[in-house]
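Lettering follows sequence order; numbering is per chain, from 1.
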Amino acid sequence: MQTYQNQSIQIYNSLSGKKEVFKALNEGHIGMYVCGPTVYSNVHLGNCRTFMSFDMIFRYFKHLGYKVRYVRNITDAGHMVDDAEDGEDKIAKKARLEQLEPMEVVQRYTLDFHNTLEKFNLLPPSIEPTATGHIIEQIEIIKDIFEKGYAYEANGSVYFDVAKFNETHDYGQLSGRKLEDMITNTRELTAQDDKKSPQDFALWKKAEPQHIMRWPSPWGDGFPGWHLECTVMSTKYLGETFDIHGGGMDLKFPHHECEIAQAEASYGKSPVRYWMHANMLTLNGKKMAKSTGNNILPGEIFTGENELLSKPFSASVVRFFMMQAHYASILDLSDDALLASEKGFTKLMEAFASVGALNTGDKSDFDIKSWEQKCYDSMNDDFNTPILISHLFEAVRHINLIKEGKEDISQLDRDNLQLTLNNFIIDVLGLEPNATNAADTEKLSGVVEMLIQFRKDARENKDFATSDKIRDQLADLGIQLKDGKDGTTFSVN
RNA sequence: GGCAUCGUGGCCGAGUGGCUAGGCGCAGCUCUGCAAAAGCUUGUACAGCGGUUCGAAUCCGCUCGAUGCCUCCA
């Protein structure tokens, strides 16, 4: 029997606007699609938060014993830009500026993306398809939508006819918009090209002669519209209806709305059972975005080379910081908040590391079973990691009390505690103990233990000048001595 | 302008009709040669104004403020 059969998960479904009990389409299996990045520049920390949120969700499902197929795409075909160079796609533009082949840009930033996510300890998705690898499928679905009467061709481009679609379907169901409101409220747009209506969106876009990324199609050389790849790739790998579709909140409209329209137009049914949206990471109270430059790069966090930061922070600390907020809430990044998280993270990890060495007794003052269920309950309630973490700190308190001999724990409970902490801290939250070279750690440990012994001798001889010198100089090196009931331990910053 | 979301104690951040979230910081205490670490104790917070209710931070209305989307964006 798998763990998931004992746990009932509630998910906030953006489509209904309510928390719903999650039920997998196929018992024991979950299909999850998450909109990935457009690889035309370095991933910033805001991007990372979204992928980290879904990584946590992926991890939890796996922990519960589900077989999960997690698909996260790479958008390498570029999208339209809205500034002066109208009609040019982002990747092509970047390529020309840097005198690179488009696929060279794609390669560079895909690598950066992967490297960064690896630092944050994200699990790779099951499939990571690219838009350029699915041009044929995209052309096929355009033909299908065309035949069903929801698309029209204009000057070598193909557009989705939103008004036509809305006659028989509900365009705007996800974002809570009404087509008539959108028509009356549409802002003035400069490049309105060949669309019948501003609400229509491109399925296929004609490539101008200078446009580098282009493919042949029944409508001439061009490139696919930016909503299409997700429809095509999610369907290809997960089926016409699948369990979960995720992405950043900023993709809700129009991107996800258009995905629903395309899928309903082509397959005649709603593609997704649970829509999930991760909220924005803000900087100075404003959304991080590539286009506005209001962002911070992961590399700047790791080196501390940013005027907002007083020091560098490890990837795990940043991950812990993000896990202390609910995925659907806006989270504001600041030096103070990271500093506070770092302290909490260290406290948590030190307690976790010490569980195995806890002295055991005949009884336990800590009800592990009910505590464990509280951990599951918090995750089952729409993946509430901040609540989970509050329960983890409850365990930390007990661990420290046991260490001081003020509470007892049985051996069985200690083992269960260690296992459960490992499940949630390592497997579900994806946190990592500070990575250090094992061989170096062993040597360092030997040296520090030696100094601890010298200090102990000095203290026994009441030579406090020497003992304090050892303690203070080690502290200057970032090694903190901790005098406890059963002798002195140390930790390295 | 339209559509949303949000406004919680010094800071971050959960919760959401009555019952302690948690982390960081601050203060006191215990421990200590002195510290640190650890533990214990302490916060009577929910933007403002009305309303519903036996009871609201939590529901409703209005006001103010912030953010997001409406145009590429995680």
Side-chain angles (χ1 to χ4, degrees), chain A residues 17 34-38 40-41 43-54 75 78-83 89-90 172 175-178 181-182 184-191 198-199 226 246-255 257 277-282 285-292 295 320-321 324-326 328-334 336-345 347-348 350-351 378 381 384-394 396-397 399-401 403-404 406-407 459 462-464 467-468 471-472 475 480-485 488-491:
Chain A
V34 171
C35 292
T38 305
Y40 66 91
S41 64
V43 260
H44 65 249
L45 207 57
N47 299 307
C48 295
R49 159 129 108 137
T50 296
F51 301 125
M52 203 183 282
S53 295
F54 288 104
T75 298
H79 291 333
M80 307 295 293
V81 290
D82 69 331
D83 53 21
D89 90 31
K90 277 184 173 167
S175 53
R177 287 155 211 255
K178 290 193 171 60
D181 293 343
M182 285 160 59
T184 51
N185 291 315
T186 300
R187 284 201 223 155
E188 288 295 318
L189 293 178
T190 44
Q199 283 71 43
W226 70 284
M249 197 71 96
D250 50 352
L251 297 183
K252 200 171 179 181
F253 187 90
H255 184 56
E257 201 70 75
H277 290 95
N279 220 133
M280 301 293 101
L281 181 69
T282 60
K286 295 256 195 283
K287 177 192 173 187
M288 278 193 205
K290 292 176 187 174
S291 50
T292 59
N295 62 41
F320 180 73
F321 162 71
Q324 277 185 301
H326 187 80
S329 297
I330 293 170
L331 175 63
D332 194 55
L333 184 91
S334 69
D336 283 349
L338 284 171
L339 250 14
S341 288
E342 184 171 54
K343 290 214 172 183
F345 175 71
K347 187 172 160 184
L348 174 67
E350 284 184 2
S378 56
D381 185 12
N384 200 323
T385 53
I387 295 292
L388 169 65
I389 289 171
S390 78
H391 295 321
L392 296 180
F393 276 107
E394 190 192 336
V396 168
R397 196 167 54 82
I399 291 165
N400 287 327
L401 283 167
K403 241 190 274 185
E404 290 193 355
K406 290 177 181 168
E407 282 193 2
R459 291 177 71 195
K462 304 241 187 281
D463 180 5
F464 297 124
S467 68
D468 288 356
R471 180 180 70 194
D472 296 343
Q480 185 190 34
L481 298 185
K482 298 172 179 180
D483 297 328
K485 195 165 167 285
T488 303
T489 57
F490 72 98
S491 66

In whole Å, I'd like the distance from the NZ atom of A:K482 to the P atom of B:G39. 10 Å
Just to be sure I understand the rule, does A:N384 reach a base, reach only the sugar-phosphate, or reach nothing, if contact means heavy atoms closer than 4.0 Å? sugar-phosphate
Sugar-phosphate only, base, or nothing, as touched by A:G285 at under 4.0 Å among non-hydrogen atoms: sugar-phosphate
Nucleotide N/O to protein N/O under 3.5 Å, stretch nucleotides 41-46 of chain B:
none

Let's test your reading of the model: under 3.5 Å, does the base of B:G68 pair with the side chain of A:N279 as donor and acceptor? no
Any side-chain heavy-atom pair of A:F464 and A:S467 under 4.5 Å: yes
Quick check on B:A74: is either OP1 or OP2 less than 4.0 Å from any side-chain nitrogen or oxygen of A:T38? yes
Taking 4.0 angstrom as the limit, do A:R459 and A:D483 come out as a salt bridge? yes
For the side chain of A:L401, counting heavy atoms from C-beta on, which of B:C40, B:A74, B:U67 is nearest? B:C40
Measure from CZ on A:F490 to P on B:A37 and round the result to the nearest Å. 17 Å
Would one find a side-chain N or O of A:N400 under 4.0 angstrom from OP1 or OP2 of B:G39? yes
Select base, sugar-phosphate, or nothing to describe what A:G176 touches, counting heavy atoms under 4.0 Å on all strands. sugar-phosphate
From NE2 of A:H277 across to C1' of B:U67 the rounded distance in Å is 17 Å
May I ask you to evaluate whether A:K252 reaches the phosphate of B:G68, defined as a side-chain N or O under 4.0 Å from OP1 or OP2? no
For A:M249, which contact category applies under a 4.0 Å heavy-atom criterion: base, sugar-phosphate, or nothing? nothing
Donor-acceptor contact below 3.5 Å, side chain A:E257 vs main chain A:S175: yes
Check this for me: does the side-chain of A:R471 come within 3.5 Å of the base of B:A36 through a donor and an acceptor? no
Euclidean distance, atom CZ of residue A:R49 to atom C1' of B:G13 [Å, nearest integer]: 11 Å
Could you check whether A:G36 gets within reach of a base, just the sugar-phosphate, or nothing at all, counting any heavy atom under 4.0 Å? sugar-phosphate
Would you classify A:S467 as touching base, sugar-phosphate or nothing, given that sugar-phosphate means primed atoms plus P, OP1 and OP2, and contacts are heavy atoms under 4.0 Å? base
Starting at atom CZ of A:F253, determine the distance to atom P of B:U5, rounded to an integer number of angstrom. 16 Å
Whole-Å gap separating C1' (B:G15) and NE2 (A:H326): 12 Å
Rounded to the nearest 0.5 Å, what separates atom CD1 in A:I399 from atom NZ in A:K347? 11.5 Å
Verify the neighbour count for atom NZ of A:K482: are there more than 12 heavy atoms of other residues, nucleotides or ligands below 6.0 Å? yes
Could you check if a side-chain atom of A:T292 sits within less than 4.5 angstrom of a side-chain atom of A:K286, using non-hydrogen atoms only? no
If the cut-off is 4.0 Å, is A:R397 near the phosphate of B:C40, judged by side-chain N/O to OP1 or OP2? yes
Between B:A74 (P) and A:M52 (CE): distance, integer Å: 16 Å
Does any N or O donor sit under 3.5 Å from an N or O acceptor when you compare the side chain of A:D483 with the base of B:A35? yes
By nearest nucleotide on RNA chain B, pick out whichever of A:R459 and A:S175 is the more 5' one. A:S175
Side chain A:K287 and base B:C73 donor-acceptor under 3.5 Å: yes
Thinking salt bridges, do A:E350 and A:K403 make one under a 4.0 Å N-O criterion? no
Geometric class of the A:F345/A:F320 ring pair [parallel <30°, tilted 30-60°, perpendicular >60°]: tilted
If you only use heavy atoms from C-beta on, which nucleotide in B:C34, B:A74, B:U67 is closest to the side chain of A:K290? B:A74
Let me confirm one number: the CE-OG1 distance from A:M52 to A:T385, rounded to the nearest 0.5 Å. 11.0 Å
Is A:D332 reaching over with its side chain to a backbone N or O of A:G285, donor-acceptor style, under 3.5 angstrom? yes
Between A:S390 and A:I387 (side chain of the first, backbone of the second, donor and acceptor by atom type, cut-off under 3.5 Å), is there such a pair? yes
Identify whether any heavy atom of A:L392 sits under 4.0 Å from a base atom; if not, whether one sits that close to sugar-phosphate; answer base, sugar-phosphate or nothing. nothing
For RNA chain B, which consecutive runs of 3 or more Watson-Crick or G-U pairs (each distance under 3.5 Å) count as stems? B:1-7 with B:64-70, B:10-12 with B:22-24, B:27-30 with B:38-41, B:47-51 with B:59-63
Provide a list of protein-nucleic acid N or O atom pairs under 3.5 angstrom, restricted to nucleotides 18-25 of chain B.
unit_1 : atom_1 : unit_2 : atom_2 : d
B:G25  : OP1    : A:K343 : NZ     : 2.8

Can you work out whether A:G248 or A:K462 has the more 5'-proximal nearest nucleotide on RNA chain B? A:K462
Gap between atoms CG and C1', on A:L331 and B:A14 respectively (whole Å): 13 Å
